[in-house]
Amino acid sequence: MKIEDKIDAFNSLLRRRGFIWGPSPEIYGGLAGFYSYGPAGKAMKNNVLSLFRRELRAYGFYEVECPEIMPKKVWEASGHLERFIDPVFRCKKCDTMVRADKFLQDRLPDELSDGLSFEEMENLVKKHGLGCPKCNTSFERVEKYNLMLQTSVGSGVIAYLRPETATTTYLLFNRLNQDARRQYPIKVFQYGKAFRNEISPRQLVLRMRAFDQFEIQLFIGKEQELNYEEYNEINENIIPLLDWKSQESKIGFPNKISLKEAVDNGILKKQAFAYCIYLGYHLASKLGFPEEKIRLRQHSPQEMAHYADDAWDLEINTEQFGWVEICGIHDRTDYDLKRHGEYSKQNFEIPMGTDSSSKEVPQILEIAFGPDRIIYTLLETTFNIIDERIVLNLNPILAPNYVAVFPLVRNKKSILNLAKDVHKLLLQHRITSFFDTAGSIGKRYRRQDELGTPYCITIDYDSLDDNSVTIRDRDTMEQKRVLISEILNSIDNK
RNA sequence: GCGCUUGUAGUAUAGUGGUAAUAUGCUGGCUUCCCAAGCCAGCGUCCCGGGUUCAAUUCCCGGCAAGCGCACCA
């Protein structure tokens, strides 16, 4: 089968089986960049979140939740108001829009063009007679394109929908610090919606205007960053790292080395940051991505965000969109807390090191996941067509249905009733069981294959006599016969 | 945001200036039915707005949306 055909089959499955629908609202034609999840997609997302929450609790992280709307001041302090507004030239004739600073850098490489004011940029185009690359109409004014969505609260107070959850977590710092009782690092995470007014959203849920973030934060002292106890527990782990120097040498594949090697060779500067790389990789592995489809790619200094000292993307190799970032791991230094301390006139200096008389503003290390991208990449990388049979080889605990129960035939009351009993038994144990009687037995297996259901249980004539059923495995299609009393044990250990 | 292409049942597509079709799907029935079997019956579609026309799903204009390319993606 050709790859394009496989991708077409996959894209239609997303809709057919209720994973992802949109752009929403579909009945009104849709608004670009907004998608909904159907029952299967939402169930799967919830399973991903449960797995993350369980893992993070085991690593000592606690969850917080903050408002999605914050006043202007917050975004002034965070730097988003300044940095999230792109200066653009817009052609008066054909509406072509170009990013002003990049355009000038490209046309006038000899001029100093970094950090120019709007006025200076306007003077430059006038001086050199620069104009629209399409129709050559001269550019005049620099306009702002704000990537943040603005709203007003109450009687006209300007506020913005958060472009990331992270900043809202940082605003809790003094509360968290009290709560943590001097146990550092402070480890928290926040899951929630973020909003960005993308110029042209594309690629399904990979670039939405309203999307989920799952952002993990460590507030940590400078001393502890370099000498971090938990690092010693994980530094033997082998991680596929692609640093930016390798990328500059046109090397496209990651170097599989231990974190210890990476730190010792200076690829990673800080033990605590290496721990974050580990944690990001660990969580991605737990989801069940094939090992060869994961890599960690370092940003070049030019690529890095305004707040970052080091940044790595955890990427998944997809057929439709190439390497897709599902997680960004950033060393945000003390940038955020310094700025918020300054703008709010709070003192965020605290003693964190061995010398309790010396105070410092905490450093922040961040592991930022995009759950929507996780859902897409998980579905795509586990989607297979084997001899015309479509199957999602999802990690069983992430599947929308954990089991499905079928009566072999439905016109035989005793079989139907026993099947219902088995289904109810599973539900009583809060196992996500799905009951289906429609169509042939083969068709029912195929329906569940498309949803990634790991186990299908069929009740047949023999079941009436011997109280046993067949459990059919999604991946091997093999069936084994077990007693009804043994079902729970049998489907538990995968 | 610009350019090109596109928009027809839930999904995938065909087709037409006189309101439409194929496959699949879905619902019900029959068939003792373990990997998309068969038979019968039924359900469901022309993105939105305006224009031209006796008549528009079809032609024209605008909008919205999608794919690709450019730009954008702190």
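Here is the naming used below: chain letters follow the sequence lines, and residue numbers restart at 1 for every chain. All values derive from a computational prediction rather than experimental measurement. Heavy-atom basis, side chains included; hydrogens, waters and symmetry copies ignored.
The gap from the P atom of A14(B) to that of G7(B) amounts to 9 Å, rounded to the nearest Å. Atom name P, nucleotides U52(B) and C60(B): the rounded distance is 16 Å, in whole Å. Comparing the same atom, P, in C46(B) and in A9(B) gives a spacing of 7 Å after rounding to whole Å. Distance noted for atom P between G42(B) and U22(B): 13 Å (whole Å). A12(B) and C26(B) have their C1' atoms separated by 15 Å, given to the nearest Å. Atom name P, nucleotides G17(B) and A71(B): the rounded distance is 41 Å, in whole Å. Atom P of A56(B) sits at a distance of 14 Å from the matching atom of C48(B), rounded to the whole Å. Distance noted for atom C1' between G69(B) and U13(B): 26 Å (whole Å).
Judged purely by atom type and a 3.5 angstrom limit, Asp313(A) has no side-chain atom pairing as donor or acceptor with the backbone of Glu315(A). Between the side chain of Thr381(A) and the backbone N or O of Thr377(A), at least one donor-acceptor pair lies under 3.5 Å. Side chain of Trp21(A) to backbone of Arg15(A): a donor-acceptor contact under 3.5 angstrom is found. Panel note: side chain Thr318(A), backbone Gly322(A); a donor-acceptor pair is recorded below 3.5 Å. A donor-acceptor pair under 3.5 Å is formed between the side chain of Asp473(A) and the backbone N or O of Asp475(A).
Taking atom CZ on Arg209(A) and atom C1' on C72(B), their separation rounds to 12 Å, with Å as the unit. Between Ile7(A) atom CD1 and G67(B) atom C1' there is a gap of 12 Å when expressed in whole angstrom units. Rounded to an integer number of Å, the gap from Asn197(A) CG to A74(B) C1' is 14 Å. Atoms CE (Met148(A)) and P (C73(B)) sit 15 Å apart, rounded to a whole Å. Look at CG on Asn11(A): it is 11 Å from P on U13(B), rounded to the nearest Å. The CG atom of Leu14(A) sits 15 Å away from the C1' atom of A66(B) (whole-angstrom rounding). Rounded to an integer number of Å, the gap from CZ of Phe321(A) to P of C73(B) is 19 Å. Rounded to whole angstrom, the span from the CG atom of Asp5(A) across to the C1' atom of U13(B) amounts to 14 Å.
At a threshold of 4.0 angstrom between heavy atoms, the contacts of Ser12(A) are confined to the sugar-phosphate backbone, with no base atom among them.
Of the listed nucleotides (C72(B), A74(B), A65(B)), A65(B) has the atom at the smallest distance from the side chain of Ala32(A).
Phe34(A) and Arg209(A) make their closest contact through CZ-CB, 3.5 Å (heavy atoms, listed as atom of the first residue, atom of the second, distance).
A distance of 6.0 Å or more separates the ring centres of Phe211(A) and Tyr35(A).
Stem regions for RNA chain B, each three or more consecutive Watson-Crick or G-U pairs with both distances under 3.5 Å and listed by first number, read B:1-7 with B:64-70, B:10-13 with B:21-24, B:25-30 with B:38-43, B:47-51 with B:59-63.
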*Heavy atoms under 4.0 Å is the rule here; annotate nucleotides 31-47 of chain B 5' to 3' with B where the base is hit, S where only the sugar-phosphate is, and - elsewhere.*
SBBBBBS----------
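Gln448(A) and Arg474(A) share no side-chain donor-acceptor pair at under 3.5 Å.
Of the inter-residue distances, the one linking Ile415(A) atom CD1 with Thr458(A) atom OG1 reads 10.5 Å to the nearest 0.5 angstrom.
If you find the closest nucleotide of RNA chain B to Arg202(A) and to Leu31(A), the one lying nearer the 5' end belongs to Leu31(A). Residues Tyr35(A) and Glu164(A) each lie close to RNA chain B; by heavy-atom proximity, the contact nearer the 5' end of the strand is made by Tyr35(A).
By the 30° and 60° cut-offs, the orientation of the rings of Tyr376(A) relative to Phe10(A) is perpendicular.
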